[in-house]
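Small disclaimer: the values here were computed from a predicted structure and weren't measured.
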Amino acid sequence: MTSAAERRARAEKPAADSGHPAAVVNGARRAVPPAPPVWPGAPTPLGARFRVGPDGVAGTNFALWAAGAEAVRLCLFDERGRETQARLTELTHEIWHGFVPGVMPGQRYGYRVEGRWDPWTGARWNPAKLLLDPYARAVDGEFALPPEVYGHVRDWPEQYVADTVRDERDSAPHVPKGVVVHDDDDWSDDRRPKTPWADSVIYELHVKGFTKLHPGIPEELRGTYAGLAHPAAVEHLVKLGVTAVELLPVHQFAHEDHLLRRGLVNHWGYNSIGYFAPHAAYAASGTTGQQVGEFKRMVRALHAAGIEVILDVVYNHTAEAGELGPTLSLKGIDNRGYYRLQGDARRYADYTGCGNTLHVVQPQVLRLITDSLRYWVTEMGVDGFRFDLAAALARSMHDVDMLSPFLAVIAQDPVLRRVKLIAEPWDIGSGGYQVGAFPPLWTEWNDRYRDAVRDFWRHALPDVREMGYRLSGSSDLYAWGGRRPYASVNFVTAHDGFTLRDLVSYQGKHNEANGEDNRDGTDDNRAWNCGAEGETPDEGVRALRRRQSRNLLTTLLLSTGVPMLVAGDELGRTQGGNNNAYCQDNEISWLDWSLLDDPEWRPLFDLTSRLIALRHRHPVLRRRAFFSGRAHSVDGLRDLAWFTSRGAEMTEGDWYAPAATLGMYLSGRDIPGRDERGAPVLDDSFLAVLHAGEHPTGFVLPGAPWAEAYEVVVDTSREEQTGAPGTVHPAGTEITVPGRSVLLLRVG
């Protein structure tokens with residue numbers, strides 16, 4: 001048995017031939033090509049930038065921040081994978097840099113960084129490992145995870161000290177390379193939609209999952225940026241009426257070892273390793289820089305259709321995981337500089353559940369993130385960002401701090417403060433749940449909206465207080481600091497969890513295909529299967545599920561705030577009850593476009609597009625300010641009023657009493673603000689009646705001063721919706737509201 005002292009001595013021993021690790025491959029020496037000339041170059045900008053250097057000589061400037069490194073070697077690779085090395089000898093403000101004449105766009109490259117191996121202090125330099133440039137704008141190659149890509153001996157017999165034993169094998173043959181990209185696009189022909197927040201309808205989609213099975217997209221373009229830019233894909237978005245797509249991660253990402261061992265992959269992409277590079281696997285045109293142009297053409301095509309592009313970004317952690325994870329980039333460049341470490345510096349602080357957390361308080365890490373964000377806005381054309389586990393980015397030293405450096409930098413940045421900023425306002429650390437706490441400029445995923453709406457429609461709320469707040473913009477969460485109702489991004493479903501159809505078809509999760517014995521994914525689904533688990537031939541159950549789907553979507557699109565739909569919910573997409581399909585790059589996750597022709601589910605698409613169009617036409621449904629609930633005219637009419645089924649305004653006691661029925665009156669006469677010409681904003685008034693009870697109920701339509709008559713606009717008890725004008729009822733009439741349904745009535 002090897003003693004602890006012997007293991008430590010071995011771990012601290014310098015790598016064999018550490019000055020020239022590329023000269024030794026799996027124990028065999030090979031000839032090393034001569035190093036190219038390296039001129040001093042410049043420390044900024046970071047990354048690899050093709051340009052014209054001294055005396056008009058074309059080449060590429062390389063700059064890498066590696067504060068604690070002892071040496072940095074640039075590694076260039078030809079078409080056959082042969083490596084040529086050149087030392088970067090210039091060091092300016094902790095940035096190693098040099099200009100290499102003759103290096104042209106398309107050149108593949110990486111870095112080897114030398115320094116101490118001392119995991120007990122967080123130092124994990126290992127020049128045997130080829131490292132991806134954090135600023136690489138394109139990445140060529142797939143991330144596999146054989147033992148060679150780990151900085152430590154992954155399969156060391158005593159796993160509790162495995163991370164302290166340095167692995168001397170060369171990782172270059174097993175890892176992707178960065179690619180030099182020449183970008184001279186000025187975006188002069190692009191017109192950003194610049195949709196105001198209050199007018200936005202967001203559609204969350206996966207580039208591959210949305211396009212992979214679309215019959216109107218050429219097969220060679222399916223699953224790619226070019227596929228999403230195809231007229232057949234754009235046409236669906238336009239018909240639906242959404243104003244923005246929120247793309248699941250498109251930064252270059254890697255797959256986790258535990259998935260690869262099970263024959264699976266990370267389909268969602270929440271495992272970033274390249275914050276400037278479009279994920280290469282989504283490119284139809286090539287991966288040696290072509291993916292950059294293809295992504296831009298996708299953005300242009302969506303902009304031309306009036307659709308904004310929002311990226312779901314993962315700056316809270318990287319694919320390098322914890323101390324037992326691979327060495328792919330930041331871990332080998334400056335582990336202590338990039339990651340939050342515990343008091344025992346061998347270990348990583350993990351507020352993300354993914355093994356590591358980026359140390360955003362560090363200036364260089366903050367620079368990496370903000371440089372990346374600005375790049376995607378100014379050079380790639382995107383319109384905003386949804387920040388995964390944003391609370392982890394808002395932590396100062398330990399606690400979540402709304403005055404943190406990250407939030408302060410964003411607030412004053414002239415580029416970033418002008419784009420759409422969406423927080424997922426939580427992480428898994430202590431005090432990480434921060435819904436309603438992010439400062440002005442930010443909107444938030446509102447999971448309290450999701451939970452309340454799900455609970456109402458499965459008739460599980462003790463009273464209707466929570467539902468009242470959520471329908472009217474969540475003023476209890478956001479009416480502070482100048483925030484507006486559109487600070488709330490309302491959603492019933494998201495990529496993480498059940499699809500809409502599964503929410504009404506399954507009581508519990510069915511994640512067996514993930515290979516984790518159904519332990520993964522949340523158990524708090526707040527779902528109701530309508531009387532049978534999973535698919536069933538029972539037409540009564542199937543009809544009820546479709547009705548519940550209509551109820552949930554109608555509630556979402558009538559609520560004040562910004563609605564977010566998930567791709568395929570409007571089609572009745574199912575994942576077979578899998579509520580954590582992150583590793584299912586197959587038909588489980590891909591949209592089934594045949595549902596558009598399914599007579600059972602086609603009406604759901606028609607209703608969804610009709611409701612979105614209604615929302616676009618009526619400013620009373622997309623208010624820019626919170627309701628006051630006070631009378632603004634002599635007749636006593638208020639901008640918002642709530643009614644019981646008796647036709648009477650709700651009292652304090654009514655809010656605390658169990659109820660399955662809620663009436664919400666929205667006045668179009670009392671909309672705050674003025675239009676672009678300074679005129680008051682006037683609109684129709686509406687009464688929405690939501691009834692979650694199993695049986696029909698009577699509802700007395702409020703009389704004067706609220707209305708003289710009411711015209712039915714939407715009735716979710718019906719599979720097909722008739723066009724306006726619908727049935728007209730005099731005020732004061734008691735109408736019958738079908739069980740489990742929403743009626744939307746226009747006030748006359």
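At a cut-off of 3.5 Å, with distance as the only test, a side-chain donor of D585 or W590 sits close to an acceptor on the other residue. If you check the side chains of Q584 and N586, you find a donor sitting under 3.5 Å from an acceptor. Side chain to side chain, S285 and E294 meet the donor-acceptor criterion of an N or O pair below 3.5 Å. No side-chain donor from either of W442 and E444 sits under 3.5 Å from a side-chain acceptor of the other. With no hydrogens or angles considered, no side-chain donor-acceptor pair links N579 and D502 at under 3.5 Å. If you check the side chains of W197 and T443, you find no donor sitting under 3.5 Å from an acceptor. Side-chain N/O atoms of N271 and N266 include no donor and acceptor closer than 3.5 Å. Remark: the E570 side chain and the H236 side chain contain an N/O donor-acceptor pair separated by less than 3.5 Å. Between E533 and H510, the side chains place a donor N or O and an acceptor N or O closer than 3.5 Å (distance only, hydrogens not considered). There is a side-chain donor-acceptor pair under 3.5 Å between H303 and D383. No hydrogens or angles considered: a donor-acceptor pair under 3.5 Å links the side chains of T716 and N551. Residues Y150 and S171 bring no donor and acceptor atom of their side chains to less than 3.5 Å of each other. No side-chain N or O of N580 forms a donor-acceptor pair with one of N511 less than 3.5 Å apart. Checking T352 against D350 by side-chain atom types alone, a donor-acceptor pair falls below 3.5 Å. Inspection of the D388 and N316 side chains reveals an N or O donor paired with an N or O acceptor under 3.5 Å. With hydrogens and angles left out, the side-chain atoms of N490 and S488 include a donor and acceptor closer than 3.5 Å.
Between D569 and R501, none of the side-chain N atoms (NZ, or NE/NH1/NH2) sits under 4.0 Å from a carboxylate O, so this pair counts as no salt bridge. R602 and E719 are not joined by a salt bridge, as no carboxylate oxygen comes within less than 4.0 angstrom of a charged side-chain nitrogen. In summary, E379 and R137 engage in a salt bridge, as defined by a charged side-chain N under 4.0 Å from a carboxylate O. Salt-bridge check for R374 with D371: passed, with a basic side-chain N closer than 4.0 Å to an acidic carboxylate O. A salt bridge links R386 to D312: one of the charged nitrogens lies within less than 4.0 Å of a carboxylate oxygen. Of the charged side-chain nitrogens involved, none lies within less than 4.0 Å of a carboxylate oxygen, so that K177 and D140 do not count as a salt-bridged pair. Remark: D78 does not engage R80 in a salt bridge, criterion side-chain N to carboxylate O under 4.0 Å. A salt bridge is defined here as a Lys NZ or Arg NE, NH1 or NH2 lying under 4.0 Å from an Asp or Glu carboxylate O, and K129 with E148 fails to meet this definition.
Outside the 6.0 Å centre-distance limit, the rings of H255 and F143 are not counted as a close aromatic pair.
In this structure, the ring-ring contact (aromatic ring centres under 6.0 Å, His included) partners of F295, at least two apart in sequence or on a different chain, are Y225, W376. R617 pairs by the side chain to side chain contact (heavy atoms under 4.5 Å, CB included) definition with A613, L614, not counting sequence neighbours.
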**Message:** Please determine whether side-chain contact (heavy atoms from CB on, under 4.5 Å) holds for the pair V139 and L132, giving the CA-CA distance in whole Å, both sets of side-chain angles, and the decisive distance to 0.1 Å.
**Reply:** CA-CA 8 Å; V139 176; L132 183 68; 4.0 Å; yes
**Request:** Please report the C-alpha distance between Y506 and N525 in whole Å, then the side-chain angles of each, then the deciding distance to 0.1 Å, and finally whether the side-chain contact (heavy atoms from CB on, under 4.5 Å) criterion is met.
**Result:** CA-CA 9 Å; Y506 294 90; N525 294 295; over 6 Å; no
**Request:** Walk me through it: do R545 and T536 pass the test side-chain contact (heavy atoms from CB on, under 4.5 Å)?
**Result:** CA-CA 11 Å; R545 289 172 177 176; T536 175; 3.7 Å; yes
**Item:** Intermediate values then yes/no, side chain to side chain donor-acceptor pair (under 3.5 Å), Y449 and S559
**Value:** CA-CA 10 Å; Y449 177 94; S559 298; 2.8 Å; yes
**Stepwise side-chain contact (heavy atoms from CB on, under 4.5 Å) check, L611 with T554** = CA-CA 7 Å; L611 286 166; T554 300; 3.4 Å; yes
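Cation-pi geometry between R573 and W593 is not met: the NZ or CZ atom fails to fall both under 6.0 Å from the ring centre and inside 45° of the normal.
Here the CD1 atom belonging to I588 is positioned 9.5 Å from the OG1 atom belonging to T574, to the nearest 0.5 angstrom. To the nearest 0.5 angstrom, T493 atom OG1 is 7.0 Å from M564 atom CE. A distance of 9.0 Å separates CG in L330 from CG in L131, rounded to the nearest 0.5 Å. Taking NZ of K208 as the start and CG of L248 as the end, the distance is 13.5 Å to the nearest 0.5 Å. Distance check, rounded to the nearest 0.5 Å: CZ of F491 to CH2 of W445 gives 5.5 Å.
Using a 4.5 Å heavy-atom threshold, the side chains of R546 and W601 count as touching.
Taking the six-membered ring where tryptophan is involved, the planes of Y315 and Y275 are tilted, since the angle between them lies from 30° to 60°. Between H206 and H267, the ring planes lie parallel to each other; the angle is under 30°, not in the 30° to 60° tilted range.
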